[in-house]
S.K.: 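Handing you a structure now.
Just so we're clear, the structure is a prediction, and the values are computed from it rather than from any experiment.
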Amino acid sequence: MIRYRRPKQDDVVIFDLIERQLVPLSHLPQTEITKIKKDLPRRLGHGITLVTCPDYESDPNGFVHFLLHGDLLYIDMLAIAPEARRKQLGNMLMDRAERFALSRGCHRSKVSVDLGNTAALAFYQKLGYSVARYQSLSFCYELEKRFS
């Protein structure tokens with residue numbers, strides 16, 4: 001099931017998913033990663049975070065955090081626990097985020113993928129995203145998608 005993030009219940013799990021699934025893929029210097037980690041509670045407080053979980057009361061096994069800027073949906077973070085992969089949870093989270101954005105007038109979406117994260121690159125391309133540019137300062141590909 002998909003539900004909105006409950007900070008007191010979910011944040012420990014979300015922070016752990018970020019630490020284990022996203023941070024190892026980053027090419028940013030450790031000092032920058034430390035700053036980003038300290039800023040996570042504030043960052044999650046802006047935008048919307050949806051989580052997947054086996055049932056309504058369970059801890060999450062995946063999440064997507066996104067922001068809306070005018071007609072743009074920006075996917076900030078997406079992570080699924082290794083034991084929960086290959087169950088379409090990422091697809092469901094992205095579908096929910098995109099439908100939410102469409103209902104609020106968004107016509108396009110962007111996401112950044114770390115250099116070397118070929119699995120994420122393939123995942124987003126299957127969802128209709130295409131590489132728009134490479135951001136050399138952050139070692140990330142920026143992908144875009146237009147909604148019809």
Side-chain angles (χ1 to χ4, degrees), residues 1-70 72-106 108-129 131-132 135 137-145 147:
M1 83 160 299
I2 296 176
R3 63 171 170 75
Y4 288 98
R5 162 185 166 250
R6 295 184 201 138
K8 288 181 181 174
Q9 177 182 349
D10 300 336
D11 283 2
V12 170
V13 176
I14 290 171
F15 295 159
D16 184 61
L17 283 169
I18 292 168
E19 182 71 35
R20 290 187 298 124
Q21 304 304 314
L22 301 179
V23 170
L25 299 168
S26 177
H27 297 279
L28 295 173
Q30 188 57 49
T31 55
E32 191 65 26
I33 290 173
T34 300
K35 287 180 194 173
I36 291 169
K37 285 185 202 177
K38 285 181 183 176
D39 192 47
L40 280 174
R42 186 201 61 78
R43 186 170 169 181
L44 288 175
H46 293 83
I48 298 158
T49 306
L50 300 174
V51 301
T52 59
C53 49
D55 59 66
Y56 190 75
E57 295 303 323
S58 298
D59 287 341
N61 52 17
F63 78 97
V64 64
H65 178 72
F66 59 93
L67 302 115
L68 305 178
H69 295 286
L72 174 68
L73 163 65
Y74 179 72
I75 303 298
D76 184 34
M77 295 180 280
L78 171 72
I80 306 294
E83 63 276 7
R85 290 191 183 146
R86 298 280 189 224
K87 297 178 182 174
Q88 302 297 311
L89 299 178
N91 290 24
M92 290 189 303
L93 285 168
M94 287 297 296
D95 179 65
R96 186 70 62 91
E98 289 176 354
R99 284 190 295 123
F100 182 93
L102 268 169
S103 75
R104 280 148 180 87
C106 291
R108 58 196 179 101
S109 180
K110 287 187 180 184
V111 62
S112 293
V113 175
D114 289 296
L115 177 68
N117 190 351
T118 55
L121 205 53
F123 169 76
Y124 289 113
Q125 287 174 326
K126 279 184 185 178
L127 295 178
Y129 287 77
V131 175
Q135 302 167 335
L137 290 176
S138 59
F139 300 96
C140 289
Y141 291 101
E142 185 178 284
L143 285 79
E144 294 181 347
K145 178 179 178 178
F147 302 136

S.K.: side-chain contact (heavy atoms from CB on, under 4.5 Å) for L121 and V131? Distances and angles first, verdict last.
M.R.: CA-CA 9 Å; L121 205 53; V131 175; 4.2 Å; yes
S.K.: May I ask you to check if R96 and F63 form a cation-pi contact, with NZ or CZ under 6.0 angstrom from the six-membered ring centre and within 45° of the axis?
M.R.: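 Output no; distance or angle outside limits.
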S.K.: Is a side-chain N or O of Q21 found less than 3.5 angstrom from the main chain of D16, in a donor-acceptor match?
M.R.: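 Not at all, since once roles are kept as given, no pair shorter than 3.5 Å links the two residues.
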S.K.: Quick one: does any side-chain atom of D95 pair with a main-chain N or O of N91 as donor and acceptor, under 3.5 Å?
M.R.: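 Judged by distance alone, no pair lies under 3.5 Å.
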S.K.: F139 versus D114: any side-chain heavy-atom pair under 4.5 Å?
M.R.: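 No, side chains not in contact.
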S.K.: Less than 4.5 Å apart, side chain to side chain, heavy atoms only: is that true for N61 and P54?
M.R.: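 Contact flag for N61/P54 side chains = yes.
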S.K.: Is the shortest distance from a Lys or Arg side-chain nitrogen in D39 or K35 to a carboxylate oxygen in the other one below 4.0 Å?
M.R.: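 No, D39 and K35 are not salt-bridged.
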S.K.: Could you tell me whether a side-chain N or O of H27 sits under 3.5 Å from a main-chain N or O of C140, the two making a donor and an acceptor?
M.R.: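 No, the answer is negative, given that no donor and acceptor are paired below the 3.5 Å cut-off.
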S.K.: Distance check, rounded to the nearest 0.5 Å: D76 atom CG versus T49 atom OG1?
M.R.: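 With rounding to 0.5 Å, CG (D76) is 8.5 Å from OG1 (T49).
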S.K.: Would a distance-only check, ignoring hydrogens and angles, find a side-chain to backbone donor-acceptor pair under 3.5 Å from Q9 to E57?
M.R.: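 Checked: pair present.
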S.K.: How many angstroms lie between CZ in R85 and CD in E83, if you round to the nearest 0.5 Å?
M.R.: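 It is 8.5 Å, given to the nearest 0.5 Å.
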S.K.: Measure the OH-CD distance between Y141 and Q125 for me, rounded to the nearest 0.5 Å.
M.R.: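 Those atoms lie 10.0 Å apart.
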S.K.: Could you grab the distance from atom CZ of R108 to atom CZ of F147, nearest 0.5 Å is fine?
M.R.: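 Nearest 0.5 Å value for the CZ-CZ distance: 10.0 Å.
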S.K.: Quick check: closest heavy atoms across L78 and L22, and the distance to 0.1 Å?
M.R.: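 Result for this residue pair: O-CD2, 3.5 Å.
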S.K.: Shortest non-hydrogen contact from R3 to S58?
M.R.: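 Distance-wise, the nearest heavy atoms are NH2-O, 2.9 Å.
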S.K.: Do the side chain of R5 and the main chain of V51 share a donor and acceptor less than 3.5 angstrom apart?
M.R.: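 The answer is no, because no donor-acceptor pair under 3.5 Å joins these two groups.
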S.K.: How about R86: does its CZ atom have over 12 heavy atoms from other parts shown lying under 6.0 Å from it?
M.R.: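 No, because the 6.0 Å sphere around CZ of R86 holds 12 heavy atoms or fewer from other groups.
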S.K.: Would you call Y124 and K145 a side-chain contact if the rule is heavy atoms closer than 4.5 Å?
M.R.: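 A side-chain contact under 4.5 Å is absent here.
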S.K.: At their closest point, which heavy atom of I80 faces which heavy atom of G62, and how far apart are they?
M.R.: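 For I80 and G62, the tightest heavy-atom pair comes out as CD1-CA, 3.9 Å.
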S.K.: Let's go through L68 and F100 carefully: what are the C-alpha distance in whole Å and the side-chain angles of both, what is the deciding distance for side-chain contact (heavy atoms from CB on, under 4.5 Å) to 0.1 Å, and is it a yes or a no?
M.R.: CA-CA 10 Å; L68 305 178; F100 182 93; 3.7 Å; yes
S.K.: Is there a side-chain contact between N117 and F123 in this structure, where contact means two heavy atoms from C-beta onward sitting under 4.5 Å apart?
M.R.: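 No; the side chains remain at least 4.5 Å from each other.
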S.K.: Do H65 side-chain atoms and L50 backbone N/O form a donor-acceptor pair below 3.5 Å?
M.R.: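 Such a contact is absent between H65 side chain and L50 backbone.
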S.K.: Within this structure, what is the CG-CG distance for the pair L67 and L72, rounded to the nearest 0.5 Å?
M.R.: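 The distance works out to 9.0 Å.
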S.K.: Is there side-chain contact between L17 and M77, with at least one heavy-atom pair below 4.5 Å?
M.R.: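 When only atoms from C-beta onward are counted, M77 and L17 do not touch, as no gap falls below 4.5 Å.
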S.K.: Would you check if the side chain of S26 reaches a backbone N or O of V23 as a donor-acceptor pair within less than 3.5 Å?
M.R.: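 Checked: no pair found.
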S.K.: Drop me the distance from I75's CD1 to E98's CD, to the nearest 0.5 angstrom.
M.R.: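 Nearest 0.5 Å value for the CD1-CD distance: 6.5 Å.
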S.K.: Under the criterion salt bridge (charged side-chain N to carboxylate O under 4.0 Å, His left out), I'd like the reasoning laid out for K110 against E142: C-alpha separation, chi angles, the key distance, then a yes or no.
M.R.: CA-CA 7 Å; K110 287 187 180 184; E142 185 178 284; 3.5 Å; yes
